[in-house]
Amino acid sequence: MEFRQLEAFVAVAEKKSFSLAADALYLSQSTVSSHVKNLEKELKRQLIVRTTKSLRLTPEGETFLRYAKRIVETRDAAITAVSERPQSMLRLGASSIPSAFMLPEIIRRFQAGHPDVVCVVRQGDSRDIHEMLQDGTVDVGFLGQEFPSTKCGYISLCADRLVLAAPASDEYRRMKEEGKGLREILKSPYIQRERGSGTEAVSEQILRELGMSPTALHIVAGTNDLQSLTRMIEEGVGISICSELAVREMAEQGRLLTWPLNTVATRSFYIAYCGRRKLSPLQGEFIDGAVQLYHR
């Protein structure tokens, strides 16, 4: 198995196209196709289903993609670690909510005092970020879930309030006006977050508190992309349990409707680091700045 095969597979999976993957890698389409075919041959598994109009990953492909991305990212991190001026770069990992709604202000404040520092952000679900911290792909992580580990240290930054978000349609407006309960609303088509996200983990606790099983939901779609999730809700695909941060602006604009979730099931956002590696002064300052911002 070669790195170029893994890179080709990851690029095709992310771009959903052999031609776009070839452009991104500066290779011919036939070369990219050959790399993927050789990888499938070595694994003795089909990873990608190709048709004349579409491309999708097989279940084996979905599983393998997670590991292939980690290998490629770890290789890139190793190169970065020995490149010039590594002290001027901070490698940050963040799950979807912190990446979109917390990191921009944290980075802006930090760079005001460190204008020469380059902050490189990698995004994934909370489990991805936890794994990146452990293997050294990132220096500091922002997660919506704390994982049991003797390797990572966690500092709670702030609490996250979850809400039930629905399309701003006449049907859901009527439900809101009539005071329909959550159990009734949750019979609607439901959009599921990806496994590994902090939101999905707490959502399951909330459903159990309501006396509902996650398997009882009428799931019509699933996504690991926050923007895709909120757009699908807005377009009427279904409802979902979301972070209030992610949907607040759309709700204020009347593009979505939200219901509070009166539940004991809560979650926090954390800043995390690998305790096995000594923090550099720059990493320590970054963590201290983030903690001060949210604990002021």
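Sequence positions, counted from 1, serve as the residue numbers for this chain. Keep in mind the model is a prediction, meaning the values are calculated, not measured.
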*Would you list the pairs meeting salt bridge (charged side-chain N to carboxylate O under 4.0 Å, His left out) in which at least one residue belongs to residues 94-106, sequence neighbours left out?*
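Qualifying pairs: Glu105-Arg109.
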*asked:* Enumerate the salt bridge (charged side-chain N to carboxylate O under 4.0 Å, His left out) contacts for residues 234-258, please, sequence neighbours excluded, ordered by first and then second residue.
replied: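 Non-adjacent pairs meeting salt bridge (charged side-chain N to carboxylate O under 4.0 Å, His left out): Arg161-Glu244, Arg231-Glu234, Arg231-Glu235, Glu234-Arg255, Glu244-Arg248.
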*Please check if any side-chain donor atom of Tyr154 sits under 3.5 Å from a side-chain acceptor atom of His130, or the reverse.*
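Yes, side-chain donor-acceptor contact under 3.5 Å.
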*Pairwise ring pair (Phe, Tyr, Trp, His ring centres under 6.0 Å) hits with a residue in residues 5-24, at least two apart*: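 Output for this query lists Phe9-Phe64.
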*What distance do Arg50 atom CZ and Ser33 atom OG have between them, rounded to the nearest 0.5 Å?*
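The OG atom of Ser33 is 6.0 Å from CZ of Arg50, to the nearest 0.5 Å.
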*From Ile287 atom CD1 to Ile271 atom CD1, the distance as rounded to the nearest 0.5 Å*: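 Output value for this atom pair is 5.0 Å.
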Linking I/L/V/M/F/W/Y whenever any side-chain heavy atoms sit under 4.5 Å apart, do [X] and [Y] land together?
X: Ile219; Y: Ile239; result: yes
X: Phe269; Y: Val121; result: yes
X: Leu47; Y: Phe3; result: yes
X: Leu229; Y: Val220; result: yes
X: Val32; Y: Leu20; result: no

Flag if over 12 foreign heavy atoms under 6.0 Å of [atom1], [X]:
X: Gln227; atom1: CD; answer: no
X: Arg56; atom1: CZ; answer: no
X: Lys176; atom1: NZ; answer: yes

Residue pair [X] / [Y]: nearest heavy atoms and the distance that separates them:
X: Trp259; Y: Ala166; value: CZ3-CB, 3.6 Å
X: Arg122; Y: Ile129; value: O-CD1, 4.0 Å
X: Glu7; Y: Leu25; value: O-CD1, 4.0 Å
X: Leu92; Y: Cys119; value: CD1-CB, 4.1 Å
X: Tyr270; Y: Ser156; value: CD2-CA, 3.6 Å
X: Leu6; Y: Ala68; value: CD2-CB, 4.2 Å

_salt bridge (Lys or Arg N to Asp or Glu O under 4.0 Å) assessment of Arg66 paired with Asp128_ = CA-CA 9 Å; Arg66 189 183 190 97; Asp128 288 333; 3.3 Å; yes
Would you check if [X] and [Y] make a side-chain contact, meaning some heavy-atom pair closer than 4.5 Å?
X: His35; Y: Leu39; result: no
X: Gln192; Y: Leu217; result: no
X: Ile48; Y: Glu40; result: yes
X: Leu256; Y: Cys242; result: no

_Regarding Glu73 and Arg70, does a basic nitrogen lie under 4.0 Å from an acidic carboxylate oxygen?_
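Answer for the salt bridge query: yes.
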